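Order of listing sets the numbers, starting from 1, for every ligand and every atom in it. These numbers were taken from a predicted model, which means no experiment stands behind them. Positions are given from 1, in the same order as the sequence printed here.
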Amino acid sequence: MSITIKQLTPGFIGEVSGIDVTQTLTSAQAAELEAGMDRYAVLIYHDQRFSDDQQKAFSRNFGALEDTASATIVTGRRLDADMADVSNLGVDHKPLARDDRRRLFNLGNQLWHSDSSFKAVPAKFSLLSGRVVVDAGGNTEFADMRAAYDALDDRTKAEIEDLVCEHSLIYSRGLLGFTDITDQERASFRPVRQRLVRVHPASGRKSLYLSSHIGTIIGWPMPEARAFIRDLSEHAVQPRFTYSHKWRPFDLVMWDNRATMHRVRRFDETQVRDMRRTTVAGDSVTAEQLAA
Ligand code: OGA
Ligand code: MN
């Protein structure tokens, strides 16, 4: 069998068939999938019955894995540091209580974002495996930030070309009124700097590097920065630039954080939704960082 990638609508989504990615890949297969990522930015695979170790092994075809422990508030983990627990479950495998602090923190995933944009070296790919999915709600939506950039007028492109934003988990959580953050968390989630326009290393395409983690633009008054970022974000998530994924059990969705934003939609959280994410680390900064 050979790999086929079918283009869905809108065109930045590819549906992959003809390969079992729970098994070891040849380097040619890995290269073909990476080229697919560079072209599309989101790839969907069905019926991939991963164990955690198989998911990690597949993900490592695309680079080293991010340590996910520093990207969340930790109070006992279901999964090890190579996997982000994107489920709504506690260590007892039961849905978290409505007022559980971890659940309230995770609600930030309902805001459009790019994974790890709050890290000085932000993520390359994310790979999300749907182990137990819900049948109503809980879609994951994606926005093509290259198409959103291309559709800007020339004046706006010139204005944003060299802008640098500050990103922090504290900003995105603050948008939802989640402000009970310890001094230790505040220190580990200190803002980092990212360019607002980034160039994809493989395709050479420019994209808008937006994320709910943005709190300001360097050199701008904060309210003006936030109003502008909100305006650009509204532009970027127009239906013509977005896709909504309805999960089937054992779907794997893989996206390029350098070229897309995503969010999860609301669902009945008394139901089990067990989603597990591996994250391929990026290899470069987008902007110079402040000295510590
Ligand atoms: C993620 C995320 C979306 C979802 O895994 O990075 O934002 O559908 N999750 O749970
Ligand atoms: Mn995410």
Open item on the list: Please list, in number order, the atoms of ligand 1 under 4.0 Å from a heavy atom of Asp115.
Closed with: 6 (O)

TODO: Measure the distance from atom 9 (N) of ligand 1 to every protein heavy atom, then report the residue, atom name and distance (to 0.1 Å) of the closest one.
DONE: Val86 CG1, 3.4 Å

TODO: Quick one: look at Trp255 and ligand 1, take heavy-atom pairs under 4.0 Å, and tell me if it's side chain, backbone, both or neither.
DONE: side chain

TODO: Kindly say whether Arg258 contributes a backbone atom to a donor-acceptor pair with the side chain of Ser207 at under 3.5 angstrom?
DONE: yes

Open item on the list: Distance under 4.0 Å to a non-hydrogen atom of His113: what atoms of ligand 1 satisfy this?
Closed with: 7 (O)

- [ ] Report the relative orientation of the aromatic rings in His245 and Tyr243; use parallel for angles under 30°, tilted for 30 to 60°, perpendicular for over 60°.
- [x] tilted

TODO: For His262, take its heavy atoms, then give the atoms of ligand 1 lying under 4.0 Å from any of them.
DONE: 1 (C), 2 (C), 6 (O), 7 (O)

Open item on the list: Quick test of your reading of the model: are Asp85 and Arg77 salt-bridged, counting only N-O distances below 4.0 Å?
Closed with: no

Task: Protein contact of atom 3 (C) of ligand 1 - nearest heavy atom, named by residue and atom, plus distance - done: Val264 CB, 3.7 Å

Open item on the list: Could you go through His113 and Ser211, starting from their C-alpha distance and side-chain angles, then the distance that decides it, and tell me whether this counts as side-chain hydrogen bond (donor to acceptor under 3.5 Å, both in side chains)?
Closed with: CA-CA 4 Å; His113 64 282; Ser211 191; over 6 Å; no

Open item on the list: So that I can tick it off, tell me whether Asp80 and Lys56 are bridged by a salt bridge, with the cut-off set at under 4.0 angstrom between side-chain N and carboxylate O.
Closed with: yes

Open item on the list: So for Trp112, does at least one of its heavy atoms come nearer than 4.0 angstrom to any atom of ligand 1?
Closed with: no

Task: Closest protein heavy atom (residue, atom, distance) for atom 6 (O) of ligand 1 - done: Arg277 NH1, 2.7 Å

TODO: Name the orientation class of the two ring planes belonging to Phe178 and Phe105 (parallel below 30°, tilted from 30 to 60°, perpendicular beyond 60°).
DONE: perpendicular

Open item on the list: Please give me the minimum heavy-atom distance between Arg103 and Glu269, naming the atom from each residue.
Closed with: NE-OE1, 3.1 Å

Open item on the list: Suppose we measure from atom 8 (O) of ligand 1 to each protein heavy atom; which comes out shortest, and what is that distance?
Closed with: Thr140 OG1, 2.5 Å

Task: Gap between atom CD of Gln54 and atom CD of Gln23 - 0.5 Å precision - done: 6.0 Å

Task: the Mn ion (ligand 2) - name of the N/O/S atom of Asp115 that sits closest to it - done: OD1

TODO: For Arg273 and ligand 1, answer yes if some heavy atom of the residue is under 4.0 Å from a ligand atom, otherwise no.
DONE: yes

